[in-house]
**Student:** 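This is the structure, below, for whatever I ask next.
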Amino acid sequence: MIHFLSQQFQLETHKTTWKRELMAGLTSFFTSAYIILVNPLILKDAGIPLSASMIATIAASIIGCLLMALWVNAPIIVIPGMGVNAFFSYTMIQSIGLTPNQGLAVIIVSGILFFLVTISPFGNRILASVPDSLKHGITVGIGLFLTFIGLQKGGIIQSSDTTIVALGNFRDPITLSTLLGLVVTLVLFLRNTKGGLLIGLLFTSLLTLCITDKKEITAKGIDFHAYNHIFASGDFSILQIPFWIAVFSMTMIVLFENMGLLSGMLPDIEKFPRAYKVVAISTIASGILGTSPTIASAESASGISVGGKTGIPALVTAILFAFSALALPVIQLIPGNAVAPVLIIIGALMTKSVVDIPFSDFSESFPAFLIIVCIPLTSSIADGLAFGFIAYPLAKVAIGKSKQVSPLIYLIAVLFLLNIVASSILVH
């Protein structure tokens, strides 16, 4: 059996061992397991029941990881994406005004469009046409957005009528527990502790629960009845303009975010076309299962860094996600502020890409800068992308280098501009 699996995963071809691959799988899981807690807490703000979204998160992660392991044979972990889940909850549902069921339908349609791109010549053409500066700007902008959300959820910052945001109340026990949790999580992460983010999340949870009125703490069992209401519950309101605005925005996000993540992490870039198809299929499955889109997660880098080269790390992660379902009743006790340290640290990790932006060329750096600042300041990934992709061809035309811009980028810029116009008409 072991010999058969070794041949299937091509261990000799990849010059790796079972020990190395299994360790990479364990590392990948413990690095990404926080999503079981974090994703449902964010989707809760969209009106999706906590228990139901936990089931959906685990199911979508299992499917995505299995596809990546068995079809692509790549050490890429596929889980609900941080940032795109925030777009789902805070932009699509709270800002645009879609219902959760309409939002899930948007994910399915976006996934189908995404898949059509992956099976057409446009997939590789778009990958080649998007400037590296914009790809890095997207990563940094999403990182700042996650940090901003984490600071809010932890009470470290709060809204202000005079300065928009201000420091939170540091006398609040919840805020203090978040700060202490951030310190502990940071120390664990800096010391390369396996599962440091998860340990830090649990520490912050326990600390918060210790200072919370015990009467308010209730451990609920898994509500499968609630899950029945979100499984395959998409409301395809195809005659409504907000629906298609959300579809366009979501499609652009999953298409370009996965493109950047896969191109930057895959040990074997020749596996990109098949891996790109997997995340598209997994996006469709996410909408059906009842969660925000899964993506090729940045946490995959943790397993790759310890030697993962085949699909075994993804397979191990899928199996461990399945076993984690047994602990769901306990997981529901996790307080909302416990995710703050994780969001802040992950956001900081994503901002490392800023060093790869060529700031010596302002026509490259300014569009990337617009993406970086507009994503968190507008609380919308799609709007941040729009500003950057519109500014890029304008900057190149201004300096007489319009031929350096791919025709696809001009098309994408026009589409983003139309999206902004449509959104403005809708809101006002």
**Student:** Report yes if the side chains of Ile319 and Phe29 come closer than 4.5 Å at any heavy-atom pair, otherwise no.
**Tutor:** no
**Student:** Nearest 0.5 angstrom please: Leu182 CG to Ile156 CD1, how far?
**Tutor:** 6.0 Å
**Student:** Quick one: which residue pairs count as a salt bridge (Lys or Arg N to Asp or Glu O under 4.0 Å) with a foot in residues 93-104, not counting sequence neighbours?
**Tutor:** none
**Student:** Quick one, Val279 with Met68, criterion side-chain contact (heavy atoms from CB on, under 4.5 Å). Give me CA distance, side-chain angles, the key distance, then yes/no.
**Tutor:** CA-CA 8 Å; Val279 288; Met68 194 64 73; 4.2 Å; yes
**Student:** Tell me, which pairs form a salt bridge (Lys or Arg N to Asp or Glu O under 4.0 Å) where one or both residues lie in residues 256-266, sequence neighbours left out?
**Tutor:** none
**Student:** How close do Ala105 and Phe243 get, counting heavy atoms only, and between which atoms?
**Tutor:** CB-CE1, 3.8 Å
**Student:** Do the non-hydrogen side-chain atoms of Glu364 and Ile357 ever get within less than 4.5 Å of each other?
**Tutor:** no
**Student:** Taking Ser300 for the side chain and Ser297 for the main chain, is one N or O donor matched with an acceptor at less than 3.5 Å?
**Tutor:** yes
**Student:** Ala340: which residues meet the side chain to side chain contact (heavy atoms under 4.5 Å, CB included) condition with it, sequence neighbours left out?
**Tutor:** Thr178
**Student:** Return the set of residues passing side chain to side chain donor-acceptor pair (under 3.5 Å) with Thr16 (not counting sequence neighbours), or none when no residue passes.
**Tutor:** Glu21
**Student:** Grab the two heavy atoms, one from Ala46 and one from Pro100, that are nearest each other, plus how far apart they are.
**Tutor:** O-CG, 3.1 Å
**Student:** Would you name the heavy atoms of Ile409 and Pro393 that are closest together and state the gap between them?
**Tutor:** CG2-CD, 4.3 Å
**Student:** Output all residues satisfying ring-ring contact (aromatic ring centres under 6.0 Å, His included) with Phe369, sequence neighbours left out; order by chain, then residue number.
**Tutor:** none
**Student:** If you draw a 6.0 Å radius around CG in Leu326, do more than 12 non-hydrogen atoms from other residues or ligands fall strictly inside?
**Tutor:** yes
**Student:** Determine whether Leu188 and Phe203 satisfy the following criterion, side-chain contact (heavy atoms from CB on, under 4.5 Å), listing intermediate values before the conclusion.
**Tutor:** CA-CA 11 Å; Leu188 291 172; Phe203 172 82; over 6 Å; no
**Student:** With a 4.5 Å heavy-atom cut-off, do Met252 and Ile412 have their side chains touching?
**Tutor:** yes
**Student:** Please enumerate all residues that pass ring-ring contact (aromatic ring centres under 6.0 Å, His included) together with Phe389, with sequence neighbours excluded.
**Tutor:** Phe256, Phe416
**Student:** As an exercise, state the distance from OH of Tyr227 to OG of Ser233, rounded to the nearest 0.5 Å.
**Tutor:** 9.0 Å
**Student:** Mind checking the OG1-CG spacing from Thr294 to Leu67? Nearest 0.5 Å is all I need.
**Tutor:** 9.0 Å
**Student:** List the steps, then state whether side-chain contact (heavy atoms from CB on, under 4.5 Å) holds for His136 with Val354.
**Tutor:** CA-CA 6 Å; His136 296 309; Val354 73; over 6 Å; no
**Student:** Please determine, by modelled atom types, if Lys396 and Ser363 share a side-chain donor-acceptor pair under 3.5 angstrom.
**Tutor:** yes
**Student:** Check whether any side-chain heavy atom of Pro358 sits under 4.5 Å from a side-chain heavy atom of Ser133, and report yes or no.
**Tutor:** yes
**Student:** If you count the non-hydrogen atoms of other residues, nucleotides and ligands that lie under 6.0 Å from CZ in Phe248, is the total more than 12?
**Tutor:** yes
**Student:** Which atoms form the tightest heavy-atom contact between Asn39 and Thr57, and what is the distance?
**Tutor:** ND2-OG1, 2.9 Å
**Student:** Quick one: CG on Leu201 to CG on Leu206, what's the gap to the nearest 0.5 Å?
**Tutor:** 10.0 Å
**Student:** May I ask you to test the Pro75-Ser28 pair for a side-chain heavy-atom distance under 4.5 Å?
**Tutor:** no
**Student:** For Phe272, enumerate each residue passing the ring-ring contact (aromatic ring centres under 6.0 Å, His included) test, keeping only those at least two apart in sequence or located in another chain.
**Tutor:** Tyr276
**Student:** If the condition is ring-ring contact (aromatic ring centres under 6.0 Å, His included), which residues does Tyr34 pass it with, not counting sequence neighbours?
**Tutor:** none
**Student:** As an exercise, state the distance from OG of Ser353 to CD1 of Ile372, rounded to the nearest 0.5 Å.
**Tutor:** 9.0 Å
**Student:** Within a strict 4.5 Å, meaning less than it, do heavy atoms of the Leu66 and Leu315 side chains meet?
**Tutor:** yes
**Student:** Show me the pairs that pass ring-ring contact (aromatic ring centres under 6.0 Å, His included) and involve residues 290-318, at least two apart or across chains.
**Tutor:** none
**Student:** Which pair of heavy atoms, one from Pro242 and one from Ile96, lies closest together, and at what distance?
**Tutor:** CB-CG2, 3.7 Å
**Student:** Any donor and acceptor pair, going by atom type alone, linking the side chain of Asn73 with main-chain N or O of Gly311 inside 3.5 Å?
**Tutor:** yes
**Student:** List in chain and number order the residues that pass side chain to side chain contact (heavy atoms under 4.5 Å, CB included) with Ile108, two or more places apart in sequence or in another chain; answer none if no residue qualifies.
**Tutor:** Ile112, Phe236, Ile284, Ile288
**Student:** Do any pairs count as a salt bridge (Lys or Arg N to Asp or Glu O under 4.0 Å) and have a residue in residues 30-52, sequence neighbours left out, and if so which ones?
**Tutor:** Asp45-Lys153
**Student:** Might you work through the side-chain contact (heavy atoms from CB on, under 4.5 Å) test for Ile79 and Ile295, ending with a clear yes or no?
**Tutor:** CA-CA 6 Å; Ile79 58 176; Ile295 65 167; 5.7 Å; no
**Student:** Report yes if some heavy atom in the side chain of Met82 is under 4.5 Å from a heavy atom in the side chain of Met350; otherwise report no.
**Tutor:** no
**Student:** Decide if atom CG of Leu190 counts as having more than 12 heavy atoms of other residues, nucleotides or ligands within a radius under 6.0 Å.
**Tutor:** yes
**Student:** Compare all side-chain heavy atoms of Val106 with those of Phe88 and state whether any distance is below 4.5 angstrom.
**Tutor:** no
**Student:** What pairs with Ser89 under side chain to side chain donor-acceptor pair (under 3.5 Å), at least two apart in sequence or on another chain?
**Tutor:** none
**Student:** So, Ser282 side chain and Val278 main chain: donor-acceptor pair closer than 3.5 Å or not?
**Tutor:** no
**Student:** So does Thr208 get a backbone contact from the side chain of Ser177, meaning a donor-acceptor N/O pair under 3.5 Å?
**Tutor:** no
**Student:** Do you know which two heavy atoms are closest between Leu370 and Phe387, and how far apart they sit?
**Tutor:** CD1-O, 3.9 Å
**Student:** Is it true that Asn101 and Thr99 share a donor-acceptor pair across their side chains at a distance under 3.5 Å?
**Tutor:** no
**Student:** How many angstroms lie between atom CD1 of Ile230 and atom OG1 of Thr291, to the nearest 0.5 angstrom?
**Tutor:** 7.5 Å
**Student:** Between the side chain of Ser53 and the main-chain N/O of Pro49, is any donor-acceptor distance below 3.5 Å?
**Tutor:** yes
